[in-house]
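Here's the structure we're looking at; comments come further down.
Reminder, nothing fancy here: chain letters follow the sequence lines and each chain counts from 1. Since this is a predicted model, take the numbers as computed values, not measurements.
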2 protein chains.
Amino acid sequence: MATPLDSDDLLSALRKAGARITKPRKLIIQILADKGDEHPDAMEIFRRAVRQDSRISLPTVYRTLKMLEEHGAIQRHAFVDGRSRYEPADGPHHDHLIDMDTGAVIEFQSEKIERLQEEIARELGYEIVHHRLELYGRKTKV
Amino acid sequence: MATPLDSDDLLSALRKAGARITKPRKLIIQILADKGDEHPDAMEIFRRAVRQDSRISLPTVYRTLKMLEEHGAIQRHAFVDGRSRYEPADGPHHDHLIDMDTGAVIEFQSEKIERLQEEIARELGYEIVHHRLELYGRKTKV
DNA sequence: ATGCAAATGCAAACTATTTGCAATAAGGAA
DNA sequence: TTCCTTATTGCAAATAGTTTGCATTTGCAT
């Protein structure tokens, strides 16, 4: 199982792309690599960045995210709420459970489901290259 | 494989919701139920509607889509390109296997996977409202 | 046929994201 | 280190997709 890209991996992705390592970029990468809260959207990344450097701008956040995405260093997810959420790429494969009330994204993985998918594809004469599974739900009353 | 809801099903979904069957709504539903091109977005639905009745407005398209979605009559999909695409909901849920070479979409359904999903959600303290599973694959060599 | 609430069309508002441009700063060369 | 070039930045304004306020129209129960 692969380890998610960390701060240094994201930085070298930029270097490999011939991009300059600027202060805003370092900050954004630091936030993306932070294991705290997963799948932040652009605005959330911006808010956290501002806390460390009030000069940073939202367009720069978007530009950096786009650049990292184009170089495969981070992954962009589109959920039904309209905005995009980001996470470092190449983590272990996982699927998402989206809390419909709060928008929280919970990761999970199930070996069984993965195997069932392979099986279904095989029956249909296919080989799975990649898949995406999203569950949308609400917290059960206690 | 389940049969997608047709024009009449969508209309009765509206009636059951106590909504009026207006001319714009009939038109939009007709377009949604049309088996021709799958997963149109709001603008595409609007363009097609205008061809039949130039008086129709984009907000009405959005309002109708939202209403149908809220009543489970159609399903909204969010892709990375930012806009939402719609399709008539199936009675029993179906998932998609996308042929990466031809773009063909194969529908399938697995009771086992559905049950595993419920189980996983329950363990996480959630109740699934709906889900989306997409497999991307290639035909296995014969 | 008539009345009234629901639905419509228009314009304008909103949200998420992108772009033009002058000012700034990264980082290689001297 | 200092200088120079050019990528990158921040700002403001533009776009794209979607939603909302409001006066007018229309479905449909009576």
Check this for me, if you would: do B:E118 and B:R115 make a salt bridge, where the nitrogen-to-carboxylate-oxygen distance has to be below 4.0 angstrom?
no
Give a yes/no answer on whether the side chain of B:T60 brings an N or O atom under 4.0 Å of OP1 or OP2 in C:dG9.
yes
Of all the heavy-atom pairs spanning [X] and [Y], show the shortest one and how long it is.
X	Y	answer
A:Y86	A:L32	CB-CD2, 4.2 Å
B:L68	B:L10	CD2-O, 4.1 Å
A:P40	A:R48	CB-NH2, 4.0 Å
A:D41	A:S84	CB-O, 3.2 Å
A:A42	A:L58	O-CD1, 4.2 Å
B:V61	B:I28	CA-CD1, 3.7 Å

Counting the atoms with a prime plus P, OP1 and OP2 as sugar-phosphate, which does B:R55 contact under 4.0 Å by heavy atoms, base, sugar-phosphate, or nothing?
sugar-phosphate
At 4.0 Å (heavy atoms only), tell me whether A:L58 reaches a base, stays on the sugar-phosphate, or touches nothing.
base
At a 4.0 Å cut-off to heavy atoms of chain B, the contacted part of DNA chain D spans D:dG17 to D:dC28
Once ring pair (Phe, Tyr, Trp, His ring centres under 6.0 Å) is applied, do any residues pair with B:H77, and if so which ones, sequence neighbours excluded?
B:H39
Only counting residues at least two apart or in another chain, list the ones meeting ring pair (Phe, Tyr, Trp, His ring centres under 6.0 Å) with A:Y136.
B:H130
Rounded to the nearest angstrom, tell me the gap between atom [atom1] in [X] and atom [atom2] in [N].
X	N	atom1	atom2	value
A:M67	C:dT18	CE	P	14 Å
B:I28	C:dT8	CD1	C1'	11 Å
B:K66	C:dT8	NZ	P	14 Å
B:R15	C:dA7	CZ	P	14 Å
B:Y62	C:dG9	OH	P	15 Å
A:D41	C:dA16	CG	P	8 Å
A:M43	C:dT18	CE	C1'	14 Å
A:R83	C:dC14	CZ	P	17 Å

Heavy-atom contacts under 4.0 Å between residues 17-26 of chain B and DNA chain C, which residues?
B:A19, B:R20, B:T22, B:P24, B:R25
For DNA chain D, whose closest nucleotide is more 5', that of B:A42 or that of A:I56?
A:I56
Duplex segments of DNA chain C, taken as runs of at least three Watson-Crick or G-U pairs that stay under 3.5 Å:
C:1-30 with D:1-30
Considering only heavy atoms from C-beta outward, does the side chain of A:H96 approach that of A:R132 to under 4.5 Å?
no
Would you say the side chain of B:Y126 lies within less than 4.5 Å of the side chain of A:L135, judging by non-hydrogen atoms?
no
Sorted by chain and number, sequence neighbours left out, salt bridge (charged side-chain N to carboxylate O under 4.0 Å, His left out) with B:R76 holds for B:E69
